[in-house]
Amino acid sequence: MEGPSIVIATEELAAFYNHKIEKASGSAKFDWSQFKGQKLVITASWGKHLILSFSHLTLRIHFLMFGSYRIDNPRDNRIPKMQLSINGHELYFYSCAIKQIEDDFGDLYDFTIDTMSPLWGGAEAKKSVMKKQNAYVCDVLMDQEIFAGVGNIIKNEVLYILKMHPERKISELSSIEVARLVKVTRDYCLQFYEWKVSNVLKRNWKIFRKKTCPVCQTKVTKIPTGKLQRISHYCEKCQSL
DNA sequence: CGTTTTGTTTCAGA
DNA sequence: GTCTGAAACAAAAC
């Protein structure tokens, strides 16, 4: 799950603000008895981290590749990592990593590098990218310490918009190209959010999971790229080195 | 129906 | 210490 989806989760869960947990359970290793009676006071996100702050404890949830959550409507035959009864509803969290973090989580995170945050600057990202002269652009986009919240879908779509090959070296880019990379990434994250809220995200993918390039009809290349060796989807013709 | 993949942490070994 | 690669986790979508 990428950054924009986590923001949507925080918004959905905000409906439970100031309500007490009536019951908590799950396969994650917690003493669930301590959750009872605690109020949900804050939902927040940083990159791909979903933060749930209760009266006396704060959790950080990461959905990794396959995680999901449901409000009521549980999945059949799946044991949730965490299940909360709150305000007459059941919240289920599946196949995610849940960790307790300090309540004062503001100190743990730099929100200026969260691509979905109102505090996103862009200047920080540009500076960090320029420091990675020897890295490939596909790896830099996935770097959570530079573009927190960007995942493989956003990476591929951004590179397609930029008409940039995934294995372009940062050292080959001009300062203007780096500035454009940073701007397009931020804008696409916000666009991803809008499309997802409207349920039209997948139909707006231009290159990710496409068979051919929508511009030139060339067959989309799908191969592992960069140091990270994550699959890139790109058009050999439109995205030249 | 078998393969792929919206991701990260951990740990052994170099 | 620091880097690297493999393993672990886990399930919908193609």
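Nothing here was measured: the structure is a model prediction, and the numbers come from that model. In the text below, chain A, chain B and the rest are named by the order of the sequence lines, each starting its count at 1.
- Note: CZ (A:Phe66) to C1' (C:dC9) measures 8 Å, nearest angstrom.
- Contact between the side-chain N/O atoms of A:Arg230 and the OP1/OP2 oxygens of B:dT6 is found at a separation under 4.0 Å.
- The backbone N or O of A:His49 lies less than 3.5 Å from no partner atom in the side chain of A:His62, so there is not a single donor-acceptor pair.
- Residue A:Glu2 contributes atom CD, which lies 14 Å from atom C1' of B:dT8 at whole-angstrom precision.
- Using a 4.0 Å heavy-atom cutoff across all strands shown, A:Phe208 reaches sugar-phosphate atoms only and no base atom.
- Proximity of A:Lys48 to the phosphate of B:dT8: a side-chain N or O atom is located under 4.0 Å from OP1 or OP2.
- Remark: the backbone N or O of A:Cys138 is not paired with any side-chain donor or acceptor of A:Glu167 at under 3.5 angstrom.
- The 5' end of DNA chain C is approached more closely, in terms of each residue's nearest nucleotide, by A:Tyr94 than by the other of A:Tyr94 and A:Trp205.
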Given the rule in the salt bridge (Lys or Arg N to Asp or Glu O under 4.0 Å) test, do A:Lys219 and A:Glu236 qualify, once you have shown the distances and angles that lead to the verdict? CA-CA 8 Å; A:Lys219 190 169 182 286; A:Glu236 305 259 17; over 6 Å; no
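- Protein atom CG of A:Leu201 is 13 Å distant from nucleotide atom P of B:dT6, rounded to whole Å.
- Using a 4.0 Å heavy-atom cutoff across all strands shown, A:Lys227 reaches sugar-phosphate atoms only and no base atom.
- Pair assignment for C:dA10: none, as no Watson-Crick or G-U wobble contacts are both less than 3.5 Å.
- Taking atom NZ of residue A:Lys210 and atom P of nucleotide C:dC14, one finds them 11 Å apart after rounding to whole Å.
- Nearest to the side-chain atoms of A:Arg209 among the listed nucleotides C:dC14, C:dA10, C:dT4 stands C:dC14.
- For A:Leu64, taking side-chain heavy atoms from C-beta onward, the closest of the listed nucleotides B:dG7, B:dT6, B:dT8 is B:dG7.
- With salt bridges taken as basic N to acidic carboxylate O contacts below 4.0 Å, one links A:Asp143 and A:Lys132.
- The side chain of A:Lys81 contributes no N or O atom lying less than 4.0 Å from OP1 or OP2 of C:dC9.
- Here the separation of B:dC11 from C:dG1, taken at their C1' atoms, is 15 Å to the nearest Å.
- Per the geometry, CD belonging to A:Gln144 stands 9 Å off P belonging to B:dT9, to the nearest Å.
- In this structure, A:Trp46 atom CH2 and B:dT8 atom P are separated by 9 Å, rounded to whole Å.
- Going from atom NZ of A:Lys222 over to atom P of B:dT4 covers 12 Å, rounded to whole Å.
- With both ends at atom C1', the span from B:dT9 to C:dA12 equals 22 Å, rounded to whole Å.
- In this structure, of C:dT4, B:dT8, B:dT6, it is B:dT8 that holds the atom nearest to the side chain of A:His62.
- If you take CG of A:Asn204 and P of B:dT6, they are 18 Å apart, rounded to a whole angstrom.
- The aromatic rings of A:Trp46 and A:Tyr109 sit parallel to each other, their planes meeting at less than 30°, with 60° as the upper class boundary.
- Considering only side-chain atoms of A:Ile231, the nucleotide from B:dT5, C:dA10, B:dT8 that sits closest is B:dT5.
- Closest approach to the A:Lys202 side chain among C:dA13, C:dT4, C:dA10 is made by C:dA13 (side chain taken as heavy atoms from C-beta onward).
- Of the possible polar contacts, none joining the A:Trp205 side chain to the A:Glu157 backbone as a donor-acceptor pair under 3.5 Å is found.
- Contact check, A:Arg78 against C:dA12: a side-chain N or O comes under 4.0 Å of OP1 or OP2.
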